[in-house]
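Every chain is numbered from 1, with letters handed out A, B, ... down the list of sequences. FYI, side chains are in, hydrogens and waters are out, and symmetry mates aren't considered; it's all heavy atoms of this structure.
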Number of protein chains: 2
Amino acid sequence: MTSTIRSGCPINLTLETIGDRWSLIVIRDLMFGNRRHFRELLAASEEGIASNILADRLKRLVEAGLLSKADDPSHKQKAIYSLTEKAIQLVPLIVQMGAWGRRHLPTTPELAIRAQLLEEGGPEMWDAFMDELRAVHLGAPMPSGPRVADRLAAAYAALSGEQAGGQP
Amino acid sequence: MTSTIRSGCPINLTLETIGDRWSLIVIRDLMFGNRRHFRELLAASEEGIASNILADRLKRLVEAGLLSKADDPSHKQKAIYSLTEKAIQLVPLIVQMGAWGRRHLPTTPELAIRAQLLEEGGPEMWDAFMDELRAVHLGAPMPSGPRVADRLAAAYAALSGEQAGGQP
DNA sequence: TTAAACCAGTTGCATAGCGCAAGCAGTGAG
DNA sequence: CTCACTGCTTGCGCTATGCAACTGGTTTAA
């Protein structure tokens, strides 16, 4: 994770920003798992991120402009992490990653169902989901109609036998 | 780059396969730069990959089923690396990476033009490009009509002042 | 026929990043 | 006052990366 730029190629610059094993995991949990606090991100991660790695990634992602950090008014020590517009625009990329992984790698059905729904939903569904993220993370008005996030959570719950809420 | 699986989530599995700083660079050069030999990949890389890292990534990518390796009949010591179908299906993901990088990171114009063309061309153009890759790397018949690869190379050449051939 | 150039890597070594476990100061509830 | 909870930090060993030099073999050219 050096900070020197290797080249101005868009692929390379994207790799330098999110091309490691943890950054996108953190963004995924913020995006689909709706985890907003350090401890939530730490404890509920499927992959078991270490606290120092999480702290480092949160710091880097805030510096890179992908996350923002704010105080929780209900608790002086709590920090709330939010996705920025820059991170919300990663949705199509993340959907493609999910689609490719689902097709070529040994995924677990209950963890793959959301990737499947988003892939089948196409760009309209991605846009709707991005608008919901803007409402939750940026304070934009929540779009009317049924929520994509609810559909994803329901599909996950149906397969995993849990109540809605959502693990990635 | 450990080999233990952290979770069955499609995002995570994709990250475990290509989520590092070099794997996609190698695939990009094979895909857009049409480099097929070790020395070509080593010397002509914008980012300057080290020979031991390149050797390691080629080995891993072959093991992961993303590349195949064959002898060059014209030279006993030459090895030819080819993309597999699995790697060719990364095209939409790579296009999304390029699109995001171009929009949010300080890219160089001549290196970004191909990302722009592919983004604007949409899924039809991606499919056409994937068919061309199948012809070049898998021995499938080359589709008729103007080549996407030629358009990309021409656009790059026009901006960089070089003759066609193509740096990523 | 012999030297030079080219081929795909390998090796040694220093540095940087990762992963685990434990610890820390401040905060809020009972 | 105590105890659990907050977002981290520290120490330590291990792995991965990056650089430079090198290897054994092959082909080309003088």
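Judged by the 6.0 Å distance and 45° axis criteria, A:R28 is not positioned over the aromatic ring of A:W22.
When heavy atoms are screened at a 4.0 angstrom cut-off, B:K69 is found touching the sugar-phosphate backbone but no base atom.
Separating the CG atom of B:D20 from the C1' atom of C:dG17 is a distance of 14 Å, rounded to the nearest angstrom. Residue B:I25 contributes atom CD1, which lies 14 Å from atom P of D:dT17 at whole-angstrom precision. Regarding A:L54, its CG atom lies at a distance of 11 Å from the P atom of D:dT9, rounded to whole Å. C:dC18 atom C1' lies 16 Å from atom CD of A:E47, rounded to whole Å. Rounded to whole angstrom, the span from the CZ atom of A:R60 across to the P atom of C:dG17 amounts to 6 Å. Between the C1' atom of D:dT6 and the NZ atom of A:K76 lies a distance of 14 Å, rounded to the nearest Å. Straight-line distance from the CG atom of B:L58 to the C1' atom of C:dA8: 10 Å, rounded to whole Å. In this structure, the CG atom of A:L41 is 13 Å from the C1' atom of D:dC8, given to the nearest Å.
Salt bridge status for B:D72 with B:R36: absent, with no side-chain N to carboxylate O gap under 4.0 Å. A salt bridge does not link A:K78 with A:E40: none of the charged nitrogens is closer than 4.0 Å to a carboxylate oxygen. The pair B:R134-B:D131 counts as a salt bridge, with a side-chain nitrogen and a carboxylate oxygen less than 4.0 angstrom apart.
From B:L24, atom CG reaches atom CG of B:D29 across 11.0 Å, with rounding to the nearest 0.5 Å.
Checking the phosphate oxygens (OP1, OP2) of C:dG17, no side-chain nitrogen or oxygen of A:W22 falls inside 4.0 Å. Checking the phosphate oxygens (OP1, OP2) of C:dC7, no side-chain nitrogen or oxygen of B:R39 falls inside 4.0 Å.
When each of D:dT6, C:dC20, D:dC8 is scored by its nearest atom to the side-chain atoms of A:Q77, the top-ranked nucleotide is D:dT6. Listed candidates were C:dA21, C:dT10, D:dG7. Nearest to the side chain of A:S51 is C:dA21. Among C:dC20, C:dG9, D:dT9, the nucleotide with an atom closest to any side-chain atom of B:Y81 is C:dG9. Side-chain atoms of B:R57 lie closest to D:dT17 of the nucleotides D:dT6, D:dT17, C:dC7. If you check D:dT10, C:dA22, C:dG12 against the side chain of A:N52, the one that comes closest is D:dT10.
Between A:S74 and A:G48, the residue whose closest nucleotide on DNA chain C is further toward the 5' end is A:G48.
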